[in-house]
S.K.: 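Here it is, the structure in full.
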Protein chains: 2
Amino acid sequence: MGNYRIAVLPGDGIGKEVTKGAVEVLKAIETRFGHHFEFAYGWIGGAAVDQKGTPLPEETLALCRKSDAVLLGAVGGPKWDQHPPHLRPEKGLLQIRKEMNLFANLRPVKFYDSLTDSSPLKQEVIQGVDFVIVRELTGGLYFGKPSGRMVENGEEKAVDTLLYKKEEIKRIVKVAFELARKRKKKVTSVDKANVLASSRMWREIAEEVAQEFPDVTLEHMLVDNAAMQLIRSPQQFDVVVTENMFGDILSDEASMLTGSLGMLPSASLSASGPSLYEPIHGSAPDIAGQNKANPIATILSAAMMLRLSFGLSKEAEAVEKAVQQVLAAGLRTADIAQKGQRAVSTDEMVNEIKATILDHQTISHIMAVYA
Amino acid sequence: MGNYRIAVLPGDGIGKEVTKGAVEVLKAIETRFGHHFEFAYGWIGGAAVDQKGTPLPEETLALCRKSDAVLLGAVGGPKWDQHPPHLRPEKGLLQIRKEMNLFANLRPVKFYDSLTDSSPLKQEVIQGVDFVIVRELTGGLYFGKPSGRMVENGEEKAVDTLLYKKEEIKRIVKVAFELARKRKKKVTSVDKANVLASSRMWREIAEEVAQEFPDVTLEHMLVDNAAMQLIRSPQQFDVVVTENMFGDILSDEASMLTGSLGMLPSASLSASGPSLYEPIHGSAPDIAGQNKANPIATILSAAMMLRLSFGLSKEAEAVEKAVQQVLAAGLRTADIAQKGQRAVSTDEMVNEIKATILDHQTISHIMAVYA
Ligand SMILES: [Mg+2]
Ligand SMILES: [Mg+2]
């Protein structure tokens, strides 16, 4: 019976609906397992710009810092597209990652048998796929200095810098090994060691860290080959770890494998404080407020929170199993429904998942009585 | 009736067999169209290390420079894997690209109806795919300085540099627009302009170049989205242009779409001299010398040479059509044969393609007589 404070940042568009759904599912977990979750809400993104004049208000950050974990919806929308950079909703996301020191982005890619039709890949290729991409999120080419424009001898140039400190690589590779230890015990470290100096250091450090995990297998893969292998035989992967930019490209590629962005959760782990959980999809302004959005990615993000931030594995499994059951029973929101299949609303999907979680309790209870 | 000097660099492993096949097909084109091709052979890769003590002998480079185009097989093999870096076969490839100023790498990805079974993607996704990735090959992150290791305040670091001059971007984007003009008139420029300074310059220059091609549509796509779209709806692309590293990752991803590396040609265009044509596959030491290799990628590379270096479009089409016909007739080398299907040898495949090219001549000739 634990007490946990959860900061909920719904954000914009469908962010509101999907976080609402995930909170309801967490309440079902409260009921079934007897925990206490305290939910506190904060503004972020376009909604924060409208209410507070900035995409990440100081009070939101303060709220997150005193919480045990953060659940985020999505940010952005056409309303703020013409704003100057510092008033863009996306800026709020970048800032919160930086301010909370979220250095490790975990993106599980899991195939659901019941969703074969949604994948662009043939069934025999996608069948059984279940891996996690661990992306370094606060270093590398997206943050290195110098980054800018210059004129040299009358020639215009632009430069960006891929920089990593040894410690930055070490801590992200460790996250991957620790994760793999609880899974299929295989880490694929992706780099471009045949060309890049930073990748050669990455590879050395991966080898070093591997010494501490003799029960986990380490393999190295070049990033261009990884981009191929993700399509050709995605079943080979367990935990993939890579630097920021490679991770950006590969995790988005991987997210298409199952054909359903609305299903994919993520976790961003902090080096120093609470971690953040969010669906990988955006705010989908075109369907916002219509009770059509798929809440599963956010619900599975909440399950990751239960497992990774609170150590509640049984509770996380209960959520994941409920999701699997409603899918197997044929429930589909519009994004994953096939032609001719009836699509359920966000609320209907959430209610079924909740009921599945709670039913189980009833059944267990009844079974206990008869035992 | 033209005269053309072609430097042939077979290299290692199956490189020898596939270039031999392509040369025979070019000879069939000579016969049918009345051109004269002069073939001169040079060492490269492991074979050059064995014969001349270096993976790219000066005499090979001299031969290439006085030729109208270069046809390359593949390099590498376990025999040279333990050699020091400057005696590695791959070094020969990197050197020839640099010495010949090969700045634009063209990788067509074309789906053959008759090969649906080979693709990991569902038929409705891969059907009709026909695009070219244009990758900048001599700049960006793989070449920028500084690149190396350092210790600062007792901390180990590694750095690489993504640097582009305006002129380098301009010339590659122009290649893409010129290519698109002869195709479906659409250029997709891929960058990471929301994060990288070099990408923002890239995007500006793409817009600038687009002014000179009012008949061609330009769209911009972020690299992580491009990695998704290649799997999700590859039919949308015509010509994709991008910087070196993004191109490395995306072109290898794209090469898996059709499921048959043995089918994919490439061209590397020079800023100043002859261009180079080669299959994208490697030297496949495991099947070398067994008359099993798929020669089609090299034969299609020869077709690109006919079109791009010699301006012989009709001749290029004759080769491409012959390839399509033998595939449609059911001919398959082992790499593209399905279970239970008989695989033909390299020689058989080459002979059928030759015969198809020459038969056509006979038929045309007969038809002319009866006209
Ligand atoms: Mg991304
Ligand atoms: Mg590559």
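To find a chain, count down the sequence lines: A is the first, B the second, and so on, and within it residues start at 1. Nothing here was measured: the structure is a model prediction, and the numbers come from that model.
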S.K.: Which atoms of A/Val159 are under 4.5 Å from chain B, going by heavy atoms: the side chain, the backbone, both sets, or neither?
M.R.: both
S.K.: Using a cut-off of under 4.5 Å for heavy-atom pairs, which of A/Glu167, A/Glu152, A/Met245, A/Arg200 has the most such pairs with chain B?
M.R.: A/Met245
S.K.: Is it the side chain or the backbone of A/Ser255 that comes within 4.5 Å of chain B heavy atoms, both, or neither?
M.R.: side chain
S.K.: Before giving the answer on salt bridge (Lys or Arg N to Asp or Glu O under 4.0 Å), spell out for B/Asp248 and A/Lys192 the whole-Å C-alpha distance, their side-chain angles and the decisive distance to 0.1 Å.
M.R.: CA-CA 10 Å; B/Asp248 185 16; A/Lys192 186 74 184 178; 2.6 Å; yes
S.K.: Just by modelled atom types, is the B/Ala197 backbone N or O under 3.5 Å from a matching donor or acceptor in the A/Asp160 side chain?
M.R.: yes
S.K.: With a 4.5 angstrom heavy-atom cut-off, is it the side chain or the backbone of B/Phe246 that approaches chain A, or both, or neither?
M.R.: side chain
S.K.: So how far is it from A/Ile249 CD1 to B/Asp224 CG, rounded to the nearest 0.5 Å?
M.R.: 7.0 Å
S.K.: Picking from A/Lys157, A/Lys166, A/Lys122, which has the most non-hydrogen pairs under 4.5 angstrom with chain B?
M.R.: A/Lys122
S.K.: Starting at CG of B/Leu162, measure out to OG of A/Ser147 and round the result to the nearest 0.5 Å.
M.R.: 9.5 Å
S.K.: Tell me, for B/Glu156 versus chain A, whether the close heavy atoms (under 4.5 Å) come from the side chain, the backbone, both or neither.
M.R.: both
S.K.: Count the heavy atoms of every other residue, nucleotide or ligand shown that sit under 6.0 Å from CD of B/Glu212, and state whether that count exceeds 12.
M.R.: yes
S.K.: Using a 4.5 angstrom heavy-atom cutoff, name the option from B/Glu168, B/Glu204, B/Glu90 with the most pairs to chain A.
M.R.: B/Glu204
S.K.: Can you give me the closest heavy-atom contact between B/Asp252 and A/Met228, atom names plus distance?
M.R.: O-CG, 3.0 Å
S.K.: Under 4.5 Å heavy-atom distance to chain B, tell me which part of A/Leu141 shows up: side chain, backbone, both or neither.
M.R.: both
S.K.: Below 4.5 Å, heavy-atom pairs only: which of A/Asn225, A/Leu230, A/Val195 has the largest tally toward chain B?
M.R.: A/Val195
S.K.: Is the number of heavy atoms from other residues, nucleotides or ligands under 6.0 Å of B/Arg97 CZ greater than 12?
M.R.: yes
